[in-house]
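To start, the structure under review is shown below, and the notes come after it.
Since this is a predicted model, take the numbers as computed values, not measurements. Worth knowing before you read on, the calculation uses all heavy atoms, side chains too, and leaves out hydrogens, waters and symmetry mates. Chain letters run A, B, ... following the sequence lines, proteins first and then strands; every chain starts at 1.
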2 protein chains.
Amino acid sequence: MAEKEDKMNVEKAILDAATEEFLSKGFSGARTVAIAEKAGVTHAMLHYYFRTKEKLFECIIDTVIKELIDSVTEAYKRQDASLSFEDRVVAVMNAHLDFIIAKPQLPSFLFMEIFPSTENFKLIKEKASSALGSLNTQLKETLESANNNEEIDNISLPMLISDVVTLNAATAISSQLASKILNITKEEYVAMRKQENEILIRKRLKK
Amino acid sequence: MAEKEDKMNVEKAILDAATEEFLSKGFSGARTVAIAEKAGVTHAMLHYYFRTKEKLFECIIDTVIKELIDSVTEAYKRQDASLSFEDRVVAVMNAHLDFIIAKPQLPSFLFMEIFPSTENFKLIKEKASSALGSLNTQLKETLESANNNEEIDNISLPMLISDVVTLNAATAISSQLASKILNITKEEYVAMRKQENEILIRKRLKK
DNA sequence: AATTTGTTTAACAATTCTGTTAATGGCAGA
DNA sequence: TCTGCCATTAACAGAATTGTTAAACAAATT
């Protein structure tokens, strides 16, 4: 059975190397030989396992999207129902930021490589809508009741989601750059932004 | 004098085509033959005028950065001194968004292609610091006095700038995607975000 | 008109990168 | 032990892309 483990190791090694290469350099900037080298295999092996660069790329997209969706649903599931609406939004937002920060190139990769392509986008929309559909209706209800109960200052669901995603994605994307400009570590910058994002959202939701 | 005009036209045509190609596809995704084709010249001409793809790319960076810096300084200069601090921030923010929206691929291009490269980043930092240095000190003073006069809820300059840039950049980057998801036009989405960003910043600055 | 200068073209050279193939080696089951 | 299958390698083929060159050409200058 050592073969199967070996096979998985080679496949896994290539996938890991490919993820790093594609995320940091984009599809056209990525080199299959560089991926093979990083994975410690000959580049013929890469073609043997994944046939083409495109197919390998699709595999990466699949897992990346899956992880992204999981991060959202997980963060949402972990919620404490006893918390106020405001506290729950902040909790989800922070959990989501933690995930994104672990792969800081992810947002710009998504915006640059995935979303502009209509095909990739359709693919994602399908996956996301099936996975996030129920979450979306739940959110809608929760938000509506919060709006109706006058717990919060009125806001639409798209704008609330957009606020959260926007702030988190921008924090991740700009962290490398901004920390360089401000002469602080990336971690310090992210901590500052986390605090600031929380202030922004809380004030936004307060009446 | 027709020659000089012709020369400028060819150069300009190549630069325009290159800007479009580089911004939408990134450096490695861009093809010099595609640029030449778009510009309506043979691809040998491209090399005649700019020698290499790299040099052409640098030219694009230069103008893009210049325009970006100009947009900020112009927006800042146009300010009405009689306005409150809050109103001035909002005015600058909106002016800046209008510029970015005109080139929606710009932010992701900057984040993907320019900022990650240490060389490009240094180049920009130099240009920006000489152009934005005095603006920065002005801003610092204005913000300090606003903080001291307790006009606004206390905030640091880096976080205020980060808030504004972050919200604007994210609005531009996500506009194409978000409008598709929400089944509205890009313009409608941008208008919604503009309103929402203004609400966010105003509430943030209110005590 | 001849010369010079700078522009343009077409063909080609060189490189880089992706993808293929034929040969090799090891291992499991007959 | 032999056979067949799978993984692996090295060398190669093909395509795409960047960059060069030599020759033609046009316009201005002498």
Distance (rounded to the nearest 0.5 Å) between Lys25(A) NZ and Ile35(A) CD1 = 9.5 Å
Sorted by first residue and then second, give each side-chain hydrogen bond (donor to acceptor under 3.5 Å, both in side chains) pair with at least one member in residues 75-92 of chain A; sequence neighbours left out.
-> Gln79(A)-Arg88(A), Asp80(A)-Ser82(A), Ser84(A)-Asp87(A), Glu86(A)-Arg202(A), Glu86(A)-Lys206(A), Asp87(A)-Arg202(A)
Output side-chain donor-acceptor pairs under 3.5 Å for residues 131-141 of chain B, partner residues at least two apart or in another chain, one line each.
from	atom 1	to	atom 2	distance (Å)
Thr137(B)	OG1	Ser134(B)	O	2.7

Salt bridge flag under 4.0 Å for residues Glu196(A) and Arg204(B) | yes
When rounded to the nearest 0.5 angstrom, what is the spacing between CG in Asn168(A) and CZ in Phe99(A)?
-> 12.0 Å
Summary of protein contacts for nucleotides 9-25 of chain C, nucleotide by nucleotide, where a base hit scores B, a sugar-phosphate-only hit scores S (4.0 Å, heavy atoms) = BB------SBBB-----
For Asn9(B) and dT8(C), give me the distance from atom CG to atom C1', rounded to whole Å.
-> 15 Å
